[in-house]
Amino acid sequence: NIILVDETEVYEEMRPFISMIKKQHMDILNHAQMRQEFTANVSHELKTPLTAISGYAELIASGMTGGEDTAHFANEIHKSAERLQALINDIIKLSELDDSDLKLEFETVDLHDLGEQCIHSMQMQADKNEVTLHLEGASVPMSGNKTLLEELLFNLCSNAVRYNKKGGSVTIVTTIENTRPVLIVKDTGIGIPKEQQERVFERFYRVDKSRSKSTGGTGLGLAIVKHIVAQHDAQMTLTSEVGVGTEIKIVF
Ligand code: ADP
């Protein structure tokens, strides 16, 4: 059958498809640009500690440094090696989470138990920063990937401790709202300026680069959190006020 249609009519009908194709094209371009930026950032981030390691090792090898200097340089090499290790670990985690074929194993996990476990593992760092850790709420069993949920909670708590103030506190709350499991991590720390709140989930984005680095941050923690939240079909909201504190709420 041959159906004759008015050309302008065809164009009208095609409009939604044309705009869909245009949008897909823009998405591909944005994705390519993001990948390019990520690669550039990765090389930069990896080069910094590597340059330090190679420089200090060269100084020691020259035989011109004395006892105390040598110990100091060796310590710098150690710190840079640890930084490199943290970066590589996070980059691997992100690339695993990026894999669209990723099949996650889900099991029943109790958010409250994970909170307890997290507080236990963060205790030493919290003591060092003079920050107190608290757990509120009740048992919340839910279906999730245990390893990833542990990682998510650890990243959020680690941030809440590192971007805190002396004498500050971190509270993990596990609860159920409208039958949905809820996890809240809140702190009385330095807060995040309004205009940067959306950007902190981008890879390598930091509000204060020097503080992030000196406390062992890779700039990838919240990007990993965002991926884990998506893998669990959950919603995340961030509320923060400079000088008052930050709260991240995840509704599963
Ligand atoms: P980092 O390794 O630098 O901590 P993240 O991806 O975990 O990287 O966080 C990105 C940035 O967001 C941090 O560098 C910091 O500036 C800011 N940030 C994250 N969590 C908090 C928080 N609880 N309080 C204040 N600032 C935060």
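This structure is a prediction, so every number in the text was calculated from the model and none was measured. Start at 1 and go down the list; that is how both ligands and their atoms are numbered. Keep in mind that the numbers below use all heavy atoms, side chains included, and drop hydrogens, waters and symmetry copies.
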### Task
Check salt bridge (charged side-chain N to carboxylate O under 4.0 Å, His left out) between Lys93 and all other residues, then give those that pass, not counting sequence neighbours.
Asp90, Glu151
### Task
Side-chain contact test, heavy atoms from C-beta onward, threshold under 4.5 Å: evaluate it for Phe252 versus Gln235 and give yes or no.
no
#### Entry: Carboxylate-amine/guanidinium contact Glu177 Arg180, below 4.0 Å
no
### Message
Checking the N or O distance criterion of under 3.5 Å, is ligand 1 in contact with Ala223?
### Response
no
### Query
Under 3.5 Å, N or O to N or O, is Ser212 touching ligand 1 that way?
yes
### Query
What residue and heavy atom of the protein are closest to atom 11 (C) of ligand 1, and at what distance?
Tyr205 O, 3.7 Å
### Task
For Gly219, counting its heavy atoms only, list the atoms of ligand 1 lying under 4.0 Å from any of them.
1 (P), 2 (O), 3 (O), 6 (O), 8 (O)
### Message
Please work out, at 4.0 Å between heavy atoms, whether the side chain, the backbone, both, or neither of Phe201 comes within that distance of ligand 1.
### Response
neither
### Query
Do Glu76 side-chain atoms and Ile53 backbone N/O form a donor-acceptor pair below 3.5 Å?
no
### Summary
For atom 7 (O) of ligand 1, the closest protein heavy atom turns out to be Asn159 ND2, 2.9 Å
### Task
Give the other cluster members for Val251, using side-chain heavy-atom distances under 4.5 Å between Ile, Leu, Val, Met, Phe, Trp and Tyr residues; answer none if it is isolated.
Val173, Val182, Ile184
### Query
Looking only at heavy atoms, is any part of Ile248 under 4.0 Å from ligand 1, and if so is it the side chain, the backbone, or both, or is it neither?
neither
### Query
What part of Lys209, side chain, backbone, both or neither, has a heavy atom within less than 4.0 angstrom of ligand 1?
neither
### Query
If you measure from each non-hydrogen atom of Thr246 to ligand 1, which part falls under 4.0 Å: side chain, backbone, both or neither?
side chain
### Gly191 to ligand 1, any heavy atom closer than 4.0 Å
yes
